[in-house]
*Asks:* 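Structure below; questions to follow.
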Amino acid sequence: MFPPLAGRKPSGATLAAFRRALLQWFAAKRRALPWRKSRDPYHIWVAEIMLQQTRIAAVIPYYEQFLERFPTIAELARSDEAEVLGLWSGLGYYQRARNLQRAAREIVELHGGKFPRDAEVARTLPGIGVYTLAAVLSIAYGKPLAALDGNIARVLARLGAVRSPLRDPQTRRKLQEEAQRLLASGNPGDWNQAFMELGETVCTPRAPRCEECPMARWCRARGMELQNEIPTKRILREGIRVTLAAAVLCDPRGETLLLRSPGRHDAVLFSRLRQFPAIEIIGDMRDGVREEAKPRATTQIRNYLRDELGLPKLLKKSFRQLPALRHAVTFRDVVLLPVLVRVARLPRHSEGEAVPLQDVPHMPISSATRKIARAALTALAGSSNQARN
DNA sequence: AAGGCGGGGTG
DNA sequence: CACCCAGCCTT
């Protein structure tokens, strides 16, 4: 079913050549990534959690800052969740950070502060699923567990010309078995990383570089010129479009108001983290008419601030609409319409908090909130420059 | 078994 | 720009 054993009796020699080809390629091309400097299970674990659904380039700076602040499991366990989220801010999938810290506390309380070696024990930790378990235990402890992530699944699917969808549970099982069978048990950590790195750099989702691929001679998809058709495209939930207006209040001291709970919009749009007051601009939002939301944004924000935040009536000239921003939240495509609002005093609000606008980009917030804060800071810097000139 | 959770890279 | 990517948890 899969090369190198496809259609023939399992041949030890072929399998050995297959493994040698990949390991030699990895030895030559292996990138010097921060988490590869270490075998500390904690370091590997943090890296693997950050790398879930997230590209290497995005992870590197977060990884280094995170370990600098939380050098040990014990340090992570005794920190505030808010600080952990602060260091995660911008990386997305914030539940990962919460689980990471919960697991750290569990490790300190139940496992003597060391990441468990036992697979069944480690698997019970929050945030440790089948993939992460195999990755951490193989890399940190040399356990012979085959990792199956998206990269490896794609490589295996191409090697074996598997046409069924990768997320199909039956296919998944088949691929997991195959990965386990191919695993080079001499150094499972290197093997898993070699496989993933091949998927990331050569056997890419689109336009795979088959000419550079050390495994091309074993690849059935390549042989059938199906490398661009396999794996089959995943059917994604249809996206929806959302338009939000967000108010960046600004008092004379440069302070702004953040809310702990959402305004009139879906809470997930700011990852349930602190956010600017915001409302969804309802209206006919079919394709092509989103432009109509822009004039409505200021009016609706103005009403919202008055009715629900108890802000006194403000003059129209206190409002300044900034250029629209785009943001994505899983299947939602969000257009953000930031509105800068000059106020004499920030309103009191039970869920509100006054903070210097300057500080907002460094707080535990979603990227959407950061984008809005940066847009506002840029606009303010621009207008003060104009005033000086 | 299916759906939800971010964000950024790529062609 | 539009399109693409994916591990874990909850329901």
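The basis for the numbers below is simple: all heavy atoms, side chains too, and nothing from hydrogens, waters or symmetry mates. Lettering of chains follows the sequences in order, A, B, ..., and the numbering in each one begins at 1.
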*Asks:* Can you tell me, in whole Å, how much space there is between the P of B/dG6 and that of C/dT11?
*Replies:* 15 Å
*Asks:* Once you round it to whole Å, what is the distance between P of C/dT10 and CD of A/Gln95?
*Replies:* 8 Å
*Asks:* Nearest to the A/Val329 side chain among C/dC9, B/dG6, B/dA1, which nucleotide is it?
*Replies:* B/dG6
*Asks:* Of the options B/dC5, B/dT10, C/dC9, whose atoms approach the side-chain atoms of A/Asn99 most closely?
*Replies:* C/dC9
*Asks:* Is the closest side-chain heavy-atom distance between A/Pro34 and A/Leu67 below 4.5 Å?
*Replies:* no
*Asks:* What is the distance, rounded to the nearest whole Å, between atom CG of A/Leu125 and atom C1' of C/dC8?
*Replies:* 13 Å
*Asks:* Please tell me if A/His327 has a side-chain N or O lying less than 4.0 Å from either OP1 or OP2 of B/dG6.
*Replies:* no
*Asks:* Report yes if a side-chain nitrogen or oxygen of A/Thr54 is closer than 4.0 Å to either non-bridging phosphate oxygen (OP1 or OP2) of B/dG8; otherwise report no.
*Replies:* no
*Asks:* Is the distance from OP1 or OP2 of C/dA6 to the nearest side-chain N or O of A/Arg154 less than 4.0 Å?
*Replies:* yes
*Asks:* Taking 4.0 angstrom as the limit, do A/Arg30 and A/Glu197 come out as a salt bridge?
*Replies:* no
*Asks:* Assign A/Thr330 to base, sugar-phosphate, or nothing according to its heavy-atom contacts below 4.0 angstrom with the strands shown.
*Replies:* base
*Asks:* Can you measure A/Gln52 atom CD to C/dC8 atom C1' for me and round it to whole angstrom units?
*Replies:* 7 Å
*Asks:* Any side-chain N or O of A/Ser367 below 4.0 angstrom from OP1/OP2 of B/dG7?
*Replies:* yes
*Asks:* Tell me: CG of A/Asp333 to P of B/dG6, nearest whole Å?
*Replies:* 16 Å
*Asks:* In a table with atom names and distances, give each donor-acceptor pair under 3.5 Å that connects a side chain of residues 136-143 of chain A to protein atoms at least two apart or in another chain.
*Replies:*
from     : atom 1 : to       : atom 2 : distance (Å)
A/Ser138 : OG     : A/Ala134 : O      : 2.8
A/Ser138 : OG     : A/Ala135 : O      : 3.2
A/Ser138 : OG     : A/Asn192 : ND2    : 3.0
A/Tyr141 : OH     : A/Phe115 : O      : 2.6
A/Lys143 : NZ     : A/Arg117 : O      : 3.3

*Asks:* Whether A/Tyr94 contacts B/dG7 is assessed here as follows: a side-chain N or O lying under 4.0 Å from the phosphate OP1 or OP2. Is that the case?
*Replies:* yes
*Asks:* Using a 4.0 Å heavy-atom cut-off, does A/Ala58 contact any base of the nucleic acid, only the sugar-phosphate backbone, or nothing at all?
*Replies:* nothing
*Asks:* Do A/Glu75 and A/Arg78 meet the salt-bridge criterion of a basic N to acidic O distance under 4.0 Å?
*Replies:* yes
*Asks:* Rounded to whole Å, please give me the gap between CG in A/Leu51 and P in C/dG7.
*Replies:* 11 Å
*Asks:* Classify the ring geometry between A/Phe18 and A/Trp191 as parallel (under 30°), tilted (30 to 60°) or perpendicular (over 60°).
*Replies:* tilted
*Asks:* From CZ of A/Arg241 over to P of C/dA2, roughly how many Å is that when rounded to an integer?
*Replies:* 7 Å
*Asks:* So A/Arg332, base contact, sugar-phosphate only, or nothing? Heavy-atom distance under 4.0 Å.
*Replies:* sugar-phosphate
*Asks:* Could you give the distance separating C/dA6 and B/dG3 at their C1' atoms, to the nearest angstrom?
*Replies:* 14 Å
*Asks:* So does A/Glu212 pair up with A/Lys29, basic N to acidic O under 4.0 Å?
*Replies:* no
*Asks:* Using whole Å, report how far CZ of A/Arg102 lies from C1' of C/dC9.
*Replies:* 10 Å
*Asks:* Any carboxylate oxygen within less than 4.0 angstrom of a Lys/Arg side-chain nitrogen, looking at A/Glu200 and A/Arg55?
*Replies:* no
*Asks:* What nucleotide, of C/dC5, B/dA1, C/dC8, holds the atom closest to the side chain of A/Pro205?
*Replies:* C/dC5
*Asks:* Closest nucleotide of DNA chain B for A/Val268 versus for A/Lys371: which of these residues is on the 5' side?
*Replies:* A/Val268
*Asks:* Name the closest nucleotide to the A/Phe331 side chain, picking from B/dC5, B/dT10, B/dG7.
*Replies:* B/dC5
*Asks:* For A/Leu166 and for A/Gly127, locate the closest nucleotide of DNA chain C by heavy-atom distance; then report the residue assigned to the nucleotide nearer the 5' terminus.
*Replies:* A/Leu166
*Asks:* How long is the line joining CZ of A/Arg326 and C1' of B/dG8, in whole Å?
*Replies:* 14 Å
*Asks:* Applying a 4.0 Å non-hydrogen cut-off, can you work out what A/Tyr131 is touching in the nucleic acid: base, sugar-phosphate, or nothing?
*Replies:* sugar-phosphate
*Asks:* For B/dG7 and A/Arg370 - does any side-chain N or O of the residue sit under 4.0 Å from the phosphate oxygens OP1/OP2?
*Replies:* no
*Asks:* For a quick test of reading the model: is some side-chain N or O of A/Arg172 closer than 4.0 Å to OP1 or OP2 of C/dG7?
*Replies:* yes
*Asks:* Nearest to the A/Ala328 side chain among B/dG7, B/dG9, B/dA1, which nucleotide is it?
*Replies:* B/dG7
*Asks:* Using the side-chain heavy atoms of A/Ser271, tell me which of these nucleotides is nearest: B/dG6, B/dG8, C/dA6.
*Replies:* B/dG6
